[in-house]
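Here's the structure we're looking at; comments come further down.
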Amino acid sequence: MPIPMQTVSEWYNEIVERAGLAEHSPVRGCMTIKPYGWALWENIQRPLDEAFRRTGHQNAYFPLFIPLSFLAKEAQHVEGFAQECAVVTHYRIKTNPETRNVSIDPEAALEEPLVVRPTSETIIWDAFRGWIQSYRDLPLLINQWANVVRWEKRPRLFLRTAEFLWQEGHTAHATAEEALQEALRMLDLYEEFVQEYLAIPVIKGRKTPNERFAGAVETFTIETLLIDGKALQAGTSHFLGQNFARAFDVKFLNAQNELEYVWATSWGVSTRLVGAVILSHGDEKGLILPPKIAPIQVIIIPIWRSEEERASIVSKAHEIAAHLRAKGLRIKVDDDPQHRPGWKFNEWELRGVPLRIALGPRDLETDTLEVAWRYTGEKQTYPTQEAIQRIPEWLEATQLALFERAKARIQSQTHVVDSYAEMRDILEKAGGFILAHWDGTTETELAIKEETGATIRCIPFNTNPELGKCIYSGRVSQQRVLFARAY
RNA sequence: CGAGGCGUGGCGCAGCCCGGUAGCGCACCUGCUUUGGGAGCAGGGGGUCAGCGGUUCAAAUCCGCUCGCCUCGACCA
(Lines give C-alpha, C1' and ligand atoms only; values in the text may rest on other atoms or scores of the structure.)
Protein backbone atom coordinates (compact mmCIF):
# COMPACT_ATOMS: atom_id res chain seq x y z
CA MET A 1 0.00 0.00 0.00
CA PRO A 2 1.33 3.40 -0.90
CA ILE A 3 0.78 4.91 2.53
CA PRO A 4 3.99 5.01 4.56
CA MET A 5 3.63 3.28 7.92
CA GLN A 6 4.53 6.37 9.95
CA THR A 7 1.81 8.48 8.36
CA VAL A 8 -1.04 5.99 8.54
CA SER A 9 -2.34 7.47 11.76
CA GLU A 10 -2.53 10.95 10.28
CA TRP A 11 -3.99 9.61 7.04
CA TYR A 12 -6.63 7.66 8.96
CA ASN A 13 -7.93 10.65 10.90
CA GLU A 14 -8.01 12.79 7.80
CA ILE A 15 -9.86 10.21 5.71
CA VAL A 16 -12.48 9.50 8.37
CA GLU A 17 -13.32 13.19 8.55
CA ARG A 18 -12.97 14.18 4.90
CA ALA A 19 -14.92 11.19 3.62
CA GLY A 20 -17.77 12.21 5.92
CA LEU A 21 -17.79 9.07 8.07
CA ALA A 22 -17.48 10.67 11.50
CA GLU A 23 -16.08 13.62 13.41
CA HIS A 24 -14.84 14.34 16.89
CA SER A 25 -17.60 15.44 19.23
CA PRO A 26 -17.38 17.94 22.10
CA VAL A 27 -17.06 14.96 24.45
CA ARG A 28 -13.57 13.54 24.65
CA GLY A 29 -13.32 10.10 23.14
CA CYS A 30 -16.81 10.18 21.67
CA MET A 31 -17.56 10.62 17.99
CA THR A 32 -20.44 11.88 15.93
CA ILE A 33 -21.20 9.35 13.22
CA LYS A 34 -22.25 11.23 10.08
CA PRO A 35 -24.76 9.99 7.51
CA TYR A 36 -22.22 8.30 5.22
CA GLY A 37 -20.56 6.53 8.15
CA TRP A 38 -23.93 5.54 9.55
CA ALA A 39 -25.02 4.10 6.19
CA LEU A 40 -21.87 2.02 6.20
CA TRP A 41 -22.57 0.76 9.73
CA GLU A 42 -26.16 -0.08 8.75
CA ASN A 43 -24.86 -2.13 5.84
CA ILE A 44 -22.72 -4.05 8.33
CA GLN A 45 -25.55 -4.40 10.85
CA ARG A 46 -28.24 -5.65 8.48
CA PRO A 47 -26.63 -8.85 7.18
CA LEU A 48 -25.27 -9.63 10.65
CA ASP A 49 -28.69 -9.25 12.19
CA GLU A 50 -30.15 -11.54 9.52
CA ALA A 51 -27.46 -14.11 10.23
CA PHE A 52 -28.25 -14.04 13.96
CA ARG A 53 -31.93 -14.63 13.20
CA ARG A 54 -31.13 -17.48 10.82
CA THR A 55 -29.16 -19.17 13.61
CA GLY A 56 -32.10 -18.95 15.98
CA HIS A 57 -31.27 -15.86 18.03
CA GLN A 58 -33.81 -13.26 19.12
CA ASN A 59 -33.21 -9.57 19.69
CA ALA A 60 -34.05 -7.96 23.02
CA TYR A 61 -33.02 -4.84 24.90
CA PHE A 62 -31.66 -4.35 28.41
CA PRO A 63 -31.02 -1.14 30.39
CA LEU A 64 -28.15 1.26 29.79
CA PHE A 65 -27.57 1.51 33.55
CA ILE A 66 -26.25 -1.25 35.74
CA PRO A 67 -26.45 -1.11 39.55
CA LEU A 68 -22.93 -0.95 40.95
CA SER A 69 -23.63 -4.00 43.10
CA PHE A 70 -24.33 -6.13 40.00
CA LEU A 71 -20.85 -5.61 38.64
CA ALA A 72 -19.39 -6.65 41.97
CA LYS A 73 -21.03 -10.08 41.80
CA GLU A 74 -18.49 -11.60 39.42
CA ALA A 75 -15.04 -10.93 40.88
CA GLN A 76 -12.92 -11.27 37.73
CA HIS A 77 -15.46 -9.37 35.66
CA VAL A 78 -15.49 -6.26 37.84
CA GLU A 79 -11.71 -6.43 38.13
CA GLY A 80 -11.41 -6.31 34.35
CA PHE A 81 -13.66 -3.31 33.84
CA ALA A 82 -13.09 -1.31 37.03
CA GLN A 83 -10.57 1.07 35.43
CA GLU A 84 -12.86 2.26 32.67
CA CYS A 85 -16.36 2.74 34.05
CA ALA A 86 -18.54 5.83 33.73
CA VAL A 87 -20.75 6.16 36.80
CA VAL A 88 -24.03 8.01 37.33
CA THR A 89 -24.28 9.33 40.87
CA HIS A 90 -27.00 12.02 40.75
CA TYR A 91 -30.40 12.43 39.18
CA ARG A 92 -30.89 16.22 39.25
CA ILE A 93 -29.09 19.47 38.47
CA LYS A 94 -29.62 22.95 39.87
CA THR A 95 -29.91 26.16 37.90
CA ASN A 96 -29.22 29.64 39.15
CA PRO A 97 -31.20 32.15 37.05
CA GLU A 98 -29.00 35.08 38.15
CA THR A 99 -25.56 33.68 37.43
CA ARG A 100 -26.90 31.26 34.77
CA ASN A 101 -24.76 28.60 36.42
CA VAL A 102 -25.81 25.00 36.26
CA SER A 103 -24.51 22.59 38.86
CA ILE A 104 -25.16 19.12 40.22
CA ASP A 105 -27.69 19.16 43.03
CA PRO A 106 -25.84 17.63 46.00
CA GLU A 107 -29.22 16.77 47.52
CA ALA A 108 -29.94 14.46 44.61
CA ALA A 109 -27.38 11.69 45.09
CA LEU A 110 -28.54 8.21 44.07
CA GLU A 111 -28.67 5.71 46.87
CA GLU A 112 -26.81 3.24 44.69
CA PRO A 113 -24.61 4.58 41.88
CA LEU A 114 -25.36 3.29 38.38
CA VAL A 115 -22.62 2.20 36.02
CA VAL A 116 -23.11 2.99 32.35
CA ARG A 117 -22.78 -0.50 30.84
CA PRO A 118 -19.30 -1.39 29.61
CA THR A 119 -20.92 -4.71 28.58
CA SER A 120 -24.19 -6.27 29.67
CA GLU A 121 -23.44 -9.70 31.12
CA THR A 122 -24.45 -8.71 34.64
CA ILE A 123 -27.77 -7.03 33.94
CA ILE A 124 -28.69 -9.72 31.43
CA TRP A 125 -27.88 -12.60 33.75
CA ASP A 126 -29.87 -10.94 36.48
CA ALA A 127 -32.83 -11.00 34.08
CA PHE A 128 -32.10 -14.56 32.90
CA ARG A 129 -32.62 -15.78 36.48
CA GLY A 130 -36.29 -15.04 36.04
CA TRP A 131 -36.49 -16.45 32.51
CA ILE A 132 -35.01 -19.87 33.15
CA GLN A 133 -36.59 -22.58 35.32
CA SER A 134 -36.28 -25.80 33.37
CA TYR A 135 -34.12 -27.45 30.73
CA ARG A 136 -37.13 -26.82 28.51
CA ASP A 137 -36.32 -23.09 28.65
CA LEU A 138 -32.89 -23.80 27.17
CA PRO A 139 -31.10 -22.93 25.08
CA LEU A 140 -31.92 -19.25 25.48
CA LEU A 141 -30.42 -17.36 22.53
CA ILE A 142 -30.53 -13.57 22.89
CA ASN A 143 -28.86 -10.71 21.03
CA GLN A 144 -28.86 -7.01 21.82
CA TRP A 145 -27.90 -4.06 19.61
CA ALA A 146 -26.70 -1.34 21.93
CA ASN A 147 -24.18 1.32 22.84
CA VAL A 148 -21.66 0.71 25.59
CA VAL A 149 -19.17 2.98 27.35
CA ARG A 150 -15.59 2.21 28.28
CA TRP A 151 -13.62 5.18 29.53
CA GLU A 152 -10.66 4.63 27.25
CA LYS A 153 -7.52 6.58 28.00
CA ARG A 154 -6.44 6.72 24.41
CA PRO A 155 -9.42 6.88 22.04
CA ARG A 156 -9.30 6.66 18.26
CA LEU A 157 -12.19 7.23 15.86
CA PHE A 158 -14.03 3.92 15.31
CA LEU A 159 -11.11 1.78 16.51
CA ARG A 160 -11.43 2.65 20.18
CA THR A 161 -14.03 5.21 21.21
CA ALA A 162 -15.28 5.81 24.73
CA GLU A 163 -18.82 5.14 23.57
CA PHE A 164 -19.27 2.58 20.84
CA LEU A 165 -22.07 0.71 19.15
CA TRP A 166 -22.14 -3.05 18.96
CA GLN A 167 -24.16 -6.18 19.22
CA GLU A 168 -23.71 -8.50 22.15
CA GLY A 169 -25.06 -12.01 22.06
CA HIS A 170 -25.84 -13.71 25.37
CA THR A 171 -26.87 -17.33 25.46
CA ALA A 172 -27.73 -19.88 28.13
CA HIS A 173 -27.36 -23.64 27.76
CA ALA A 174 -27.96 -26.87 29.65
CA THR A 175 -24.51 -28.31 29.08
CA ALA A 176 -20.93 -27.12 28.88
CA GLU A 177 -20.50 -28.86 25.56
CA GLU A 178 -23.48 -27.10 24.01
CA ALA A 179 -22.34 -23.69 25.25
CA LEU A 180 -18.85 -24.27 23.92
CA GLN A 181 -20.28 -25.25 20.53
CA GLU A 182 -22.37 -22.08 20.50
CA ALA A 183 -19.32 -19.92 21.21
CA LEU A 184 -17.43 -21.60 18.37
CA ARG A 185 -20.42 -21.44 16.02
CA MET A 186 -20.69 -17.67 16.48
CA LEU A 187 -16.96 -17.27 15.98
CA ASP A 188 -17.36 -19.09 12.65
CA LEU A 189 -20.26 -16.81 11.77
CA TYR A 190 -18.08 -13.75 12.47
CA GLU A 191 -15.24 -15.16 10.41
CA GLU A 192 -17.51 -15.79 7.47
CA PHE A 193 -19.18 -12.40 7.72
CA VAL A 194 -15.98 -10.37 8.03
CA GLN A 195 -14.31 -12.21 5.17
CA GLU A 196 -17.32 -12.29 2.86
CA TYR A 197 -18.79 -8.83 3.47
CA LEU A 198 -15.86 -6.73 4.62
CA ALA A 199 -13.32 -8.58 2.45
CA ILE A 200 -11.02 -8.75 5.47
CA PRO A 201 -9.07 -11.96 6.07
CA VAL A 202 -8.95 -13.07 9.70
CA ILE A 203 -7.17 -15.63 11.80
CA LYS A 204 -9.28 -17.58 14.25
CA GLY A 205 -7.91 -18.72 17.55
CA ARG A 206 -8.14 -18.72 21.30
CA LYS A 207 -6.84 -16.03 23.64
CA THR A 208 -4.21 -16.78 26.26
CA PRO A 209 -5.43 -16.71 29.88
CA ASN A 210 -3.84 -13.29 30.22
CA GLU A 211 -5.80 -11.85 27.28
CA ARG A 212 -9.09 -13.51 28.16
CA PHE A 213 -12.35 -11.60 28.67
CA ALA A 214 -12.87 -10.79 32.33
CA GLY A 215 -15.13 -13.53 33.65
CA ALA A 216 -14.69 -15.98 30.75
CA VAL A 217 -13.42 -19.54 30.89
CA GLU A 218 -12.28 -19.34 27.30
CA THR A 219 -12.14 -16.44 24.83
CA PHE A 220 -12.06 -16.99 21.08
CA THR A 221 -11.14 -14.28 18.63
CA ILE A 222 -10.82 -13.32 15.00
CA GLU A 223 -7.69 -11.24 14.44
CA THR A 224 -6.69 -9.25 11.39
CA LEU A 225 -3.71 -7.18 10.37
CA LEU A 226 -4.06 -3.62 9.11
CA ILE A 227 -2.02 -1.78 6.49
CA ASP A 228 0.31 -0.27 9.09
CA GLY A 229 1.32 -3.70 10.41
CA LYS A 230 -0.74 -3.49 13.58
CA ALA A 231 -3.19 -6.19 14.60
CA LEU A 232 -6.86 -5.64 15.35
CA GLN A 233 -9.23 -7.87 17.26
CA ALA A 234 -12.22 -7.83 14.92
CA GLY A 235 -14.60 -9.93 16.99
CA THR A 236 -14.70 -12.14 20.06
CA SER A 237 -16.78 -15.00 21.38
CA HIS A 238 -16.58 -16.21 24.96
CA PHE A 239 -17.36 -19.47 26.70
CA LEU A 240 -18.34 -18.21 30.15
CA GLY A 241 -18.73 -21.55 31.87
CA GLN A 242 -21.04 -21.25 34.88
CA ASN A 243 -19.37 -18.09 36.20
CA PHE A 244 -22.28 -15.74 35.61
CA ALA A 245 -24.90 -18.36 36.47
CA ARG A 246 -23.26 -18.78 39.87
CA ALA A 247 -22.86 -15.04 40.37
CA PHE A 248 -26.54 -14.42 39.56
CA ASP A 249 -27.89 -17.71 40.84
CA VAL A 250 -29.37 -18.93 37.57
CA LYS A 251 -30.28 -22.61 37.89
CA PHE A 252 -32.49 -24.97 35.92
CA LEU A 253 -34.07 -28.34 36.60
CA ASN A 254 -32.70 -31.02 34.30
CA ALA A 255 -34.69 -33.97 32.99
CA GLN A 256 -33.70 -35.93 36.09
CA ASN A 257 -35.30 -33.24 38.27
CA GLU A 258 -31.91 -32.03 39.58
CA LEU A 259 -30.97 -28.37 39.96
CA GLU A 260 -27.95 -27.27 37.91
CA TYR A 261 -26.25 -23.99 37.08
CA VAL A 262 -26.70 -22.79 33.50
CA TRP A 263 -23.80 -22.62 31.02
CA ALA A 264 -23.22 -19.38 29.16
CA THR A 265 -21.66 -17.64 26.15
CA SER A 266 -21.34 -14.06 25.02
CA TRP A 267 -20.02 -12.65 21.74
CA GLY A 268 -19.76 -9.29 20.03
CA VAL A 269 -18.60 -7.14 17.17
CA SER A 270 -18.66 -3.37 17.11
CA THR A 271 -18.31 -0.14 15.11
CA ARG A 272 -14.61 -0.96 15.28
CA LEU A 273 -15.29 -2.98 12.12
CA VAL A 274 -15.69 0.31 10.24
CA GLY A 275 -12.14 1.20 11.27
CA ALA A 276 -10.99 -2.22 10.13
CA VAL A 277 -12.47 -1.66 6.66
CA ILE A 278 -10.75 1.73 6.31
CA LEU A 279 -7.39 0.36 7.41
CA SER A 280 -7.60 -2.83 5.37
CA HIS A 281 -8.40 -1.49 1.92
CA GLY A 282 -7.76 2.27 1.80
CA ASP A 283 -5.11 3.99 -0.29
CA GLU A 284 -3.64 7.46 -0.71
CA LYS A 285 -6.79 8.68 -2.46
CA GLY A 286 -9.02 7.67 0.42
CA LEU A 287 -11.47 4.91 1.24
CA ILE A 288 -11.94 1.78 -0.82
CA LEU A 289 -15.21 0.14 0.19
CA PRO A 290 -16.13 -3.47 -0.50
CA PRO A 291 -19.22 -3.45 -2.77
CA LYS A 292 -21.31 -5.53 -0.36
CA ILE A 293 -21.26 -2.80 2.29
CA ALA A 294 -20.68 0.33 0.20
CA PRO A 295 -23.54 2.82 0.76
CA ILE A 296 -23.18 3.72 -2.91
CA GLN A 297 -21.99 0.92 -5.20
CA VAL A 298 -21.94 2.85 -8.47
CA ILE A 299 -21.64 6.61 -8.83
CA ILE A 300 -22.82 8.05 -12.13
CA ILE A 301 -21.32 11.37 -13.17
CA PRO A 302 -22.96 13.20 -16.07
CA ILE A 303 -20.75 15.64 -17.96
CA TRP A 304 -22.12 18.48 -20.04
CA ARG A 305 -20.99 21.65 -21.81
CA SER A 306 -24.25 23.47 -22.28
CA GLU A 307 -27.73 23.57 -20.82
CA GLU A 308 -29.13 21.62 -23.77
CA GLU A 309 -26.55 18.90 -23.31
CA ARG A 310 -27.13 18.88 -19.61
CA ALA A 311 -30.81 18.05 -19.93
CA SER A 312 -30.30 15.09 -22.26
CA ILE A 313 -27.23 13.70 -20.48
CA VAL A 314 -28.69 13.96 -17.01
CA SER A 315 -31.84 12.23 -18.16
CA LYS A 316 -29.78 9.46 -19.79
CA ALA A 317 -27.82 9.11 -16.52
CA HIS A 318 -31.02 8.66 -14.53
CA GLU A 319 -32.25 6.15 -17.06
CA ILE A 320 -29.10 4.07 -16.59
CA ALA A 321 -29.44 4.42 -12.81
CA ALA A 322 -32.99 3.07 -12.98
CA HIS A 323 -31.84 -0.01 -14.91
CA LEU A 324 -29.15 -0.68 -12.30
CA ARG A 325 -31.46 -0.10 -9.34
CA ALA A 326 -33.82 -2.63 -10.85
CA LYS A 327 -31.00 -5.13 -10.38
CA GLY A 328 -31.00 -4.31 -6.65
CA LEU A 329 -27.90 -2.10 -6.72
CA ARG A 330 -27.24 1.07 -4.71
CA ILE A 331 -26.76 3.85 -7.25
CA LYS A 332 -26.33 7.62 -7.10
CA VAL A 333 -26.36 10.11 -9.95
CA ASP A 334 -24.22 13.12 -9.07
CA ASP A 335 -25.86 15.77 -11.25
CA ASP A 336 -25.02 18.60 -8.85
CA PRO A 337 -24.28 21.66 -11.03
CA GLN A 338 -22.17 23.17 -8.24
CA HIS A 339 -19.17 21.02 -9.00
CA ARG A 340 -17.29 20.10 -12.12
CA PRO A 341 -16.52 16.52 -13.12
CA GLY A 342 -12.93 16.59 -11.87
CA TRP A 343 -14.10 17.61 -8.41
CA LYS A 344 -16.63 14.80 -8.37
CA PHE A 345 -14.09 12.19 -9.49
CA ASN A 346 -11.87 13.05 -6.56
CA GLU A 347 -14.72 13.28 -4.09
CA TRP A 348 -16.21 9.86 -4.84
CA GLU A 349 -12.80 8.28 -4.90
CA LEU A 350 -12.19 9.73 -1.44
CA ARG A 351 -15.48 8.18 -0.35
CA GLY A 352 -14.49 4.80 -1.70
CA VAL A 353 -17.30 4.12 -4.20
CA PRO A 354 -16.31 0.86 -5.97
CA LEU A 355 -17.39 1.75 -9.52
CA ARG A 356 -17.80 5.04 -11.35
CA ILE A 357 -19.63 5.71 -14.57
CA ALA A 358 -18.84 8.90 -16.48
CA LEU A 359 -21.28 9.91 -19.17
CA GLY A 360 -20.52 12.84 -21.47
CA PRO A 361 -21.48 14.28 -24.87
CA ARG A 362 -19.07 11.95 -26.65
CA ASP A 363 -20.73 8.94 -25.04
CA LEU A 364 -24.20 10.13 -25.89
CA GLU A 365 -23.36 10.04 -29.58
CA THR A 366 -21.78 6.59 -29.51
CA ASP A 367 -24.10 5.14 -26.84
CA THR A 368 -21.14 4.29 -24.62
CA LEU A 369 -19.97 5.18 -21.14
CA GLU A 370 -16.72 5.19 -19.23
CA VAL A 371 -16.35 2.78 -16.31
CA ALA A 372 -13.66 3.34 -13.67
CA TRP A 373 -12.66 0.88 -10.96
CA ARG A 374 -11.80 2.46 -7.64
CA TYR A 375 -9.49 -0.26 -6.36
CA THR A 376 -7.25 -0.40 -9.44
CA GLY A 377 -7.80 3.03 -10.95
CA GLU A 378 -8.45 1.35 -14.29
CA LYS A 379 -10.78 3.11 -16.77
CA GLN A 380 -12.44 1.68 -19.85
CA THR A 381 -15.23 2.61 -22.26
CA TYR A 382 -18.08 0.16 -22.89
CA PRO A 383 -21.30 0.14 -24.91
CA THR A 384 -24.05 1.22 -22.51
CA GLN A 385 -26.02 -2.02 -22.66
CA GLU A 386 -22.98 -4.17 -22.04
CA ALA A 387 -21.95 -2.09 -19.03
CA ILE A 388 -25.41 -2.22 -17.48
CA GLN A 389 -25.46 -5.95 -17.90
CA ARG A 390 -21.97 -6.58 -16.56
CA ILE A 391 -21.90 -4.22 -13.57
CA PRO A 392 -23.23 -6.83 -11.09
CA GLU A 393 -20.44 -9.24 -12.04
CA TRP A 394 -17.85 -6.45 -11.88
CA LEU A 395 -18.98 -5.61 -8.36
CA GLU A 396 -18.74 -9.24 -7.32
CA ALA A 397 -15.30 -9.51 -8.87
CA THR A 398 -14.22 -6.37 -7.01
CA GLN A 399 -15.43 -7.83 -3.73
CA LEU A 400 -13.36 -10.96 -4.27
CA ALA A 401 -10.33 -9.08 -5.55
CA LEU A 402 -10.28 -6.86 -2.47
CA PHE A 403 -10.28 -9.92 -0.26
CA GLU A 404 -7.48 -11.55 -2.25
CA ARG A 405 -5.45 -8.36 -2.23
CA ALA A 406 -5.81 -8.01 1.54
CA LYS A 407 -4.95 -11.67 1.98
CA ALA A 408 -1.78 -11.31 -0.07
CA ARG A 409 -0.83 -8.23 1.91
CA ILE A 410 -1.30 -9.95 5.24
CA GLN A 411 0.66 -12.96 4.00
CA SER A 412 3.52 -10.67 3.07
CA GLN A 413 3.33 -9.11 6.55
CA THR A 414 3.35 -12.47 8.35
CA HIS A 415 6.69 -13.84 9.48
CA VAL A 416 7.59 -17.26 10.80
CA VAL A 417 10.32 -16.46 13.26
CA ASP A 418 12.66 -18.59 15.36
CA SER A 419 14.83 -16.01 17.10
CA TYR A 420 13.85 -13.29 19.52
CA ALA A 421 16.30 -10.86 17.93
CA GLU A 422 14.67 -11.33 14.55
CA MET A 423 11.23 -10.83 16.06
CA ARG A 424 12.29 -7.55 17.65
CA ASP A 425 13.85 -6.41 14.41
CA ILE A 426 10.69 -7.09 12.39
CA LEU A 427 8.47 -5.41 14.96
CA GLU A 428 10.65 -2.31 14.96
CA LYS A 429 10.87 -2.01 11.19
CA ALA A 430 7.50 -2.94 9.75
CA GLY A 431 5.32 -4.59 12.36
CA GLY A 432 3.16 -7.46 11.20
CA PHE A 433 2.17 -10.88 12.42
CA ILE A 434 4.89 -13.00 13.98
CA LEU A 435 4.39 -16.76 14.25
CA ALA A 436 6.72 -18.01 16.95
CA HIS A 437 7.00 -20.59 19.67
CA TRP A 438 5.93 -19.74 23.20
CA ASP A 439 6.39 -21.76 26.37
CA GLY A 440 2.79 -21.23 27.50
CA THR A 441 3.56 -19.15 30.59
CA THR A 442 2.11 -15.76 31.43
CA GLU A 443 5.53 -14.60 32.70
CA THR A 444 7.06 -15.05 29.26
CA GLU A 445 4.07 -13.45 27.58
CA LEU A 446 4.30 -10.39 29.82
CA ALA A 447 8.06 -10.10 29.47
CA ILE A 448 7.79 -10.09 25.68
CA LYS A 449 5.04 -7.49 25.87
CA GLU A 450 7.14 -5.33 28.16
CA GLU A 451 10.20 -5.52 25.93
CA THR A 452 8.63 -5.36 22.45
CA GLY A 453 5.11 -4.00 22.82
CA ALA A 454 3.81 -7.14 21.10
CA THR A 455 1.09 -9.31 22.60
CA ILE A 456 -0.10 -12.78 21.79
CA ARG A 457 -3.08 -12.08 19.56
CA CYS A 458 -4.20 -15.67 19.63
CA ILE A 459 -3.25 -19.30 19.64
CA PRO A 460 -4.42 -20.07 16.12
CA PHE A 461 -6.77 -22.97 15.46
CA ASN A 462 -5.49 -23.94 12.06
CA THR A 463 -1.85 -24.62 12.66
CA ASN A 464 -0.41 -28.05 12.85
CA PRO A 465 1.10 -28.95 16.19
CA GLU A 466 4.81 -28.41 15.85
CA LEU A 467 7.28 -29.08 18.59
CA GLY A 468 9.73 -26.26 19.13
CA LYS A 469 11.55 -24.08 21.60
CA CYS A 470 10.12 -20.90 23.11
CA ILE A 471 11.54 -17.88 21.37
CA TYR A 472 12.09 -16.16 24.72
CA SER A 473 12.81 -18.81 27.36
CA GLY A 474 14.02 -21.69 25.19
CA ARG A 475 11.66 -24.05 26.98
CA VAL A 476 9.60 -26.59 25.08
CA SER A 477 6.60 -25.40 23.04
CA GLN A 478 3.80 -27.39 21.41
CA GLN A 479 2.83 -24.95 18.67
CA ARG A 480 3.45 -21.49 17.27
CA VAL A 481 1.32 -18.59 18.48
CA LEU A 482 0.52 -15.29 16.79
CA PHE A 483 2.29 -12.19 18.10
CA ALA A 484 1.77 -8.57 17.00
CA ARG A 485 1.54 -5.05 18.21
CA ALA A 486 -2.14 -4.26 18.37
CA TYR A 487 -4.67 -1.44 18.40
C1' C B 1 -1.87 9.05 33.94
C1' G B 2 3.21 10.95 31.62
C1' A B 3 5.35 13.93 27.44
C1' G B 4 4.51 17.31 23.45
C1' G B 5 1.19 20.50 20.64
C1' C B 6 -3.02 23.58 19.83
C1' G B 7 -7.51 26.84 21.14
C1' U B 8 -8.42 33.58 16.34
C1' G B 9 -15.46 33.75 11.01
C1' G B 10 -18.14 26.91 9.21
C1' C B 11 -12.94 24.47 8.16
C1' G B 12 -7.45 25.20 7.82
C1' C B 13 -4.14 28.93 9.43
C1' A B 14 -1.19 33.91 9.93
C1' G B 15 -0.94 37.90 13.42
C1' C B 16 1.53 37.44 19.50
C1' C B 17 8.37 37.89 20.21
C1' C B 18 8.18 44.16 19.67
C1' G B 19 0.48 46.16 22.87
C1' G B 20 -2.47 50.82 18.96
C1' U B 21 -8.30 49.85 12.65
C1' A B 22 -8.57 41.56 13.36
C1' G B 23 -6.16 39.33 8.30
C1' C B 24 -5.29 35.15 4.51
C1' G B 25 -6.82 30.46 1.94
C1' C B 26 -11.01 27.19 1.44
C1' A B 27 -16.20 27.16 2.12
C1' C B 28 -20.70 30.46 1.80
C1' C B 29 -24.02 34.51 -1.01
C1' U B 30 -24.78 37.48 -6.00
C1' G B 31 -23.51 37.97 -11.19
C1' C B 32 -21.08 36.53 -15.72
C1' U B 33 -18.04 33.01 -18.21
C1' U B 34 -17.09 27.72 -17.49
C1' U B 35 -17.88 21.98 -16.98
C1' G B 36 -14.00 14.61 -19.91
C1' G B 37 -9.37 14.87 -13.23
C1' G B 38 -10.53 19.33 -7.17
C1' A B 39 -12.68 26.29 -12.76
C1' G B 40 -11.86 31.86 -13.55
C1' C B 41 -13.09 36.94 -12.79
C1' A B 42 -15.88 40.74 -10.16
C1' G B 43 -18.67 42.05 -5.98
C1' G B 44 -20.49 40.60 -0.92
C1' G B 45 -21.82 38.53 4.18
C1' G B 46 -19.93 36.44 8.56
C1' G B 47 -15.32 36.64 14.24
C1' U B 48 -17.62 37.72 22.60
C1' C B 49 -9.55 36.15 19.30
C1' A B 50 -11.46 29.18 24.74
C1' G B 51 -12.85 31.32 29.77
C1' C B 52 -11.79 34.23 34.18
C1' G B 53 -8.68 37.72 36.54
C1' G B 54 -4.49 41.24 36.39
C1' U B 55 -1.00 45.17 34.16
C1' U B 56 -1.90 49.47 30.84
C1' C B 57 -4.56 55.51 28.26
C1' A B 58 -5.04 51.02 25.19
C1' A B 59 -4.61 43.61 25.30
C1' A B 60 -5.71 38.45 20.21
C1' U B 61 -0.70 40.27 21.68
C1' C B 62 2.29 41.01 28.32
C1' C B 63 1.41 38.28 33.39
C1' G B 64 -1.48 34.62 36.41
C1' C B 65 -5.15 30.90 36.94
C1' U B 66 -8.78 27.63 34.81
C1' C B 67 -11.08 24.73 31.00
C1' G B 68 -11.05 22.00 26.55
C1' C B 69 -9.22 19.27 22.40
C1' C B 70 -5.47 16.70 19.43
C1' U B 71 -0.92 13.71 18.84
C1' C B 72 2.71 10.23 20.96
C1' G B 73 3.40 6.83 25.05
C1' A B 74 1.62 3.81 29.55
C1' C B 75 -3.15 1.31 30.08
C1' C B 76 -7.12 -1.35 27.55
C1' A B 77 -13.01 -7.95 26.35
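Naming convention: chains lettered A, B, ... in sequence-line order (proteins, then strands); numbering from 1 in each chain. On a predicted model such as this, the values are computed, not experimentally measured, just so you know.
When heavy atoms are screened at a 4.0 angstrom cut-off, A:Trp151 is found touching no nucleic acid atom at all. Among the protein residues, A:Phe164 comes within range of the nucleic acid bases, having at least one heavy atom under 4.0 Å from a base atom.
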Output a table of donor-acceptor pairs, distance under 3.5 Å, between side-chain atoms of residues 20-27 of chain A and any protein atom two or more places apart or on a different chain; print 'none' if there are none.
unit_1: A:Ser25; atom_1: OG; unit_2: A:Val27; atom_2: N; d: 3.1
unit_1: A:Ser25; atom_1: OG; unit_2: A:Val27; atom_2: O; d: 3.1
unit_1: A:Ser25; atom_1: OG; unit_2: A:Cys30; atom_2: O; d: 2.7

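The side chain of A:Asn13 places no N or O atom within less than 4.0 Å of a non-bridging phosphate oxygen (OP1 or OP2) of B:C70. Look at A:Lys449 and you'll find a side-chain N or O under 4.0 angstrom from OP1 or OP2 of B:C76.
Distances were taken from every side-chain heavy atom of A:Arg356 (C-beta onward) to each of B:C75, B:C72, B:G37; the shortest belongs to B:G37. Among the nucleotides B:U71, B:C76, B:C1, the one closest to the side chain of A:Ser9 is B:U71.
No more than 12 heavy atoms of other residues, nucleotides or ligands shown are found within 6.0 angstrom of CH2 on A:Trp151. The neighbour count for A:Glu386 CD, taken as heavy atoms of other residues, nucleotides or ligands under 6.0 Å away, is above 12.
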Quiz item: Using a cut-off of 4.0 Å between protein heavy atoms and nucleotide atoms, how would you tag nucleotides 29-36 of chain B 5' to 3' with B, S and -?
Solution: -----BBB

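Scanning RNA chain B for stems, defined as runs of 3 or more consecutive Watson-Crick or G-U wobble pairs whose donor-acceptor distances all fall under 3.5 Å, gives the following ranges: B:1-7 with B:67-73, B:10-13 with B:23-26, B:28-33 with B:39-44, B:50-54 with B:62-66.
Side-chain atoms of A:Arg154 stay outside donor-acceptor range of the base of B:C76, with no qualifying N/O pair under 3.5 Å.
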